[in-house]
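Excluded from the calculations below are hydrogen atoms, water molecules and symmetry mates; all remaining heavy atoms, backbone and side chain alike, are included. None of the values given here were measured: they were computed from a predicted structure.
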Amino acid sequence: TFPFPIQTLNTNPDATDMSYLNEKPAGKSGFVAAKGGHFVDGSGKRIRFLGVNLCAGAAFPEHVDADKVAARLAKLGVNCVRLHHMDNGYAPRGIWDPAYKDKQHIDKSQLDKLDYLIAALKRNGIYIDLNLHVSRQFSEADGFPDADKLTNYDKGVDNFEPRMIELQKDYARDLLTHTNAYTGKRYADEPAIAIIEINNENSLVNYCMDGTILTIPDYYLSELRKQWNAWLRAKYGATAKLRKVWEAGSVPLGPNMLANSDLSEGARHWVLEAPSPAQADMRVEDGGPNGSKCLHATLTREGLRSWDFQVHQVGLDLADGKPYVLSFWARANRPRKVYVNVRLDQDPWSSSGLDATVELPVEWKRYEISFVADDTFKNHNRVSFNLQSEIGEVWISDVQLHPGTGGRIPDTASLEAGNIAIPQESYTIPQRTDFLAFAAEKERDYATGMRRYIKSLGSKSLVVDTQVTYSGIAGLYRESLLDFGDTHAYWQHPSFPHKPWDSQDWKITNTPMVRALGRDTLTHMALGRLEGKPFTVSEYNHPAPSDYAAEC
């Protein structure tokens, strides 16, 4: 071994100095624009960005440090910095003034540091990707009841809640109309600010698809119901037309197809799968909902694969193209993600029409999921609960599988009364299709509305909403209405089986990406490129301590 010191802030001119590649100052020839699927600078010359993220407190360095960091980044060939998580907390790690309980007042000292950093980066030919909403979490001090029960950083909810959107606009105004004391320009007029990102990793559609939206406090859910009913009235006009479409082809539920659903015969017909080295146990016990019995599955030693802890019933006879409804009760000893699916019980073990993800709470919760069977094989399909190879306990009760559609509109529900419920997993395909179309439209309206507002402030920067992969194909459509597309990817990001971001308790898969072609991050990202739009990857890594991190 031998010492290999790295001088982290070395800016001495030498053979490794790439700073000559940067036009100085950044934006010298004008604002960056999108043209023919690429970025071009103010002179029309194509420009590519190699960037880094400065997160939270790193966006507010002391002046002397800002000069050193900017020069060092330029030497390394960096020409763009993404200012990320600035909105997370109070000074000194965030932008908010700690003299206020809310998160609506920008700290003047922090803003001065941000100004100086932007000026230093600009001098060194480094452009800015300015993030607006990343991790500001509203509280009751901001006037939002039960804010602590909302989704992380208010994601999804902030796409439709009117006052949250107004406060996001206020923050954008406060930043973009502010004049930088060290450049003499408003942020809106600053050509070094190449990109403005509206809302990091955000998706109302995703939360509607996985059922998370149904768990938010009623104060916010009632607002979503009001907007949902208004959307339905605009589309259908009257309840009679809505019923005609939603209940077309409705099939009454048939008899339960699963054996021993009430567990009166113990665990008969139910299979626990936990191949060695996994160690698991399953037993039938009392304590289910409404006095019922339940399956109690416990994993005491993890397996080698994520599916090495499963409960299923095999030998089912499903028919292609036929609708079914799967219902069950479940809970866990701590919040836990479970994959519920219907698939073949023999090679190639492929899906037979249902692949759903549910978040199990600590208290009992009932789930009902509709699906249409596909790629079935007579008497060789199974209902399966993939509990994930994570140590812990899961309880399951009253599992039933019925042919039919279910999900009929209650007689007391109508558009005129404005009380059409938000669809749950059990609703028919037309209902769910409408709800996802509604959610996707809400996202688009939010994204395009925020872009219009930013432009109304005089900003000439390129604007993107969030990452194209959020909301699936609806995300691609949403971002196609903005200036370019962006995505994120991490090859085998660490997972935290018990507590999020626990630095002492985590695991990685630790395999090379080159042996996973088709499932690799590059293929995944390439599928998100928008025709005729520039494409960026604003977060990417092969996180250490992977043995294959050099692939990055």
Side-chain angles (χ1 to χ4, degrees), residues 151 156 203-216 253 256-258 261 270-271 273 295 297 305-314 316 318-332 335-345 349-361 363-376 381-390 394-407 421-437 439-440 469-475:
T151 52
S203 172
L204 174 61
V205 169
N206 282 8
Y207 285 138
C208 290
M209 290 181 69
D210 66 15
T212 299
I213 201 67
L214 298 169
T215 68
I216 64 175
L253 294 181
N256 181 19
M257 300 176 65
L258 298 183
S261 286
W270 293 99
V271 179
E273 181 179 325
L295 290 169
R305 301 160 302 187
S306 63
W307 58 85
D308 283 354
F309 183 32
Q310 297 191 55
V311 173
H312 40 245
Q313 186 168 139
V314 302
L316 303 176
L318 305 183
D320 283 5
K322 298 295 184 181
Y324 297 88
V325 176
L326 176 69
S327 63
F328 60 94
W329 289 81
R331 73 178 188 90
R336 183 189 190 106
K337 181 180 294 183
V338 168
Y339 297 114
V340 182
N341 52 70
V342 175
R343 60 182 57 250
L344 297 184
D345 63 14
W349 317 100
S350 53
S351 173
S352 295
L354 173 61
D355 285 288
T357 303
V358 299
E359 298 279 349
L360 297 190
E363 303 298 327
W364 284 107
K365 181 179 178 180
R366 188 175 185 274
Y367 299 85
E368 196 172 285
I369 308 173
S370 299
F371 69 99
V372 175
D374 187 31
D375 290 334
T376 62
N381 306 286
R382 78 181 189 192
V383 167
S384 183
F385 297 88
N386 180 355
L387 307 178
Q388 297 293 284
S389 186
E390 296 180 4
V394 174
W395 291 262
I396 305 170
S397 180
D398 193 25
V399 186
Q400 298 190 30
L401 178 66
H402 295 268
T405 56
I422 290 175
Q424 301 187 35
E425 293 92 337
S426 63
Y427 277 52
T428 61
I429 290 174
Q431 292 168 300
R432 292 163 66 188
T433 299
D434 268 349
F435 187 55
L436 293 180
T469 52
Y470 281 74
S471 305
I473 195 69

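Thr212 meets the side chain to side chain donor-acceptor pair (under 3.5 Å) test with Asp210; sequence neighbours excluded. Scored by the side-chain contact (heavy atoms from CB on, under 4.5 Å) test, Arg382 finds Glu273, Gln310, His312, Val314, Arg343, Asp345, Trp349, Ser384 as partners (sequence neighbours excluded). For the ring-ring contact (aromatic ring centres under 6.0 Å, His included) test, no residue two or more places apart in sequence or in another chain qualifies with Tyr470. In this structure, Tyr207 has no ring-ring contact (aromatic ring centres under 6.0 Å, His included) partners at least two apart in sequence or on a different chain. Residues forming a side-chain contact (heavy atoms from CB on, under 4.5 Å) with Ala437 (at least two apart in sequence, or on another chain): Trp231. Scanning for side-chain contact (heavy atoms from CB on, under 4.5 Å) contacts around Ser351 gives Asp355, with sequence neighbours left out. Under the side chain to side chain donor-acceptor pair (under 3.5 Å) criterion, Ser389 pairs with no residue at all, not counting sequence neighbours. The side-chain contact (heavy atoms from CB on, under 4.5 Å) search around Ser261 returns Asn256, Leu258, Gln400, not counting sequence neighbours. By the ring-ring contact (aromatic ring centres under 6.0 Å, His included) test, Trp395 is found to be paired with His296, residues two or more places apart in sequence or in another chain being considered. Considering only residues two or more places apart in sequence or on other chains, Ser471 meets the side chain to side chain donor-acceptor pair (under 3.5 Å) condition with Ser203, Glu443, Arg478. Contacts of Asp375 classified as side chain to side chain donor-acceptor pair (under 3.5 Å), with partners at least two apart in sequence or in another chain: none. Applying the salt bridge (charged side-chain N to carboxylate O under 4.0 Å, His left out) rule to Asp308 yields the partners Arg305; only residues at least two apart in sequence or on another chain are considered.
At least one side-chain heavy atom of Cys208 sits under 4.5 Å from a side-chain heavy atom of Leu436. Residues Leu316 and Val342 fail the side-chain proximity criterion, which asks for heavy atoms closer than 4.5 Å. Residues Tyr367 and Leu360 are in side-chain contact: their nearest non-hydrogen atoms beyond the backbone lie under 4.5 Å apart. Side-chain contact check for Val205 versus Met209: some heavy-atom pair is nearer than 4.5 Å. The closest side-chain heavy-atom distance from Gln388 to Tyr339 is below 4.5 Å. In this structure, Thr215 and Lys365 have side chains that are in contact, with non-hydrogen atoms separated by less than 4.5 Å. At a threshold of 4.5 Å between non-hydrogen side-chain atoms, the residues Arg366 and Asp398 do not count as touching.
Checked options Leu326, Leu354, Val325; the residue passing with Ser370 is Val325 (criterion: side chain to side chain contact (heavy atoms under 4.5 Å, CB included)).
Closest of all the heavy-atom pairs between Asp320 and Asp374 is OD1-C, 3.6 Å. Nearest heavy-atom pair, Ala474 versus Ala440, reported as atom, atom and distance to 0.1 Å: CB-CB, 3.8 Å. Taking both residues in full, the closest heavy atoms of Tyr324 and Pro403 are given as CD2-CA, 3.6 Å, listed atom of the first, atom of the second, then distance.
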(message) For Asn341 and Phe371: C-alpha separation, side-chain torsions, deciding distance, then whether side-chain contact (heavy atoms from CB on, under 4.5 Å) applies.
(response) CA-CA 10 Å; Asn341 52 70; Phe371 69 99; over 6 Å; no

(request) Dump the intermediate steps for side-chain contact (heavy atoms from CB on, under 4.5 Å) on Trp270 and Val399, then the final yes or no. (result) CA-CA 11 Å; Trp270 293 99; Val399 186; 3.7 Å; yes

(request) Applying side-chain contact (heavy atoms from CB on, under 4.5 Å), run through Met257 and Val383 and close with a yes or a no. (result) CA-CA 11 Å; Met257 300 176 65; Val383 167; over 6 Å; no

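Ring geometry for Phe385 against Phe328 counts as perpendicular: the plane angle is over 60°, on a 0 to 90° scale with 30° as the lower cut.
In this structure, CD1 in Ile396 is found 5.5 Å from CG in Leu387, a value given to the nearest 0.5 Å.
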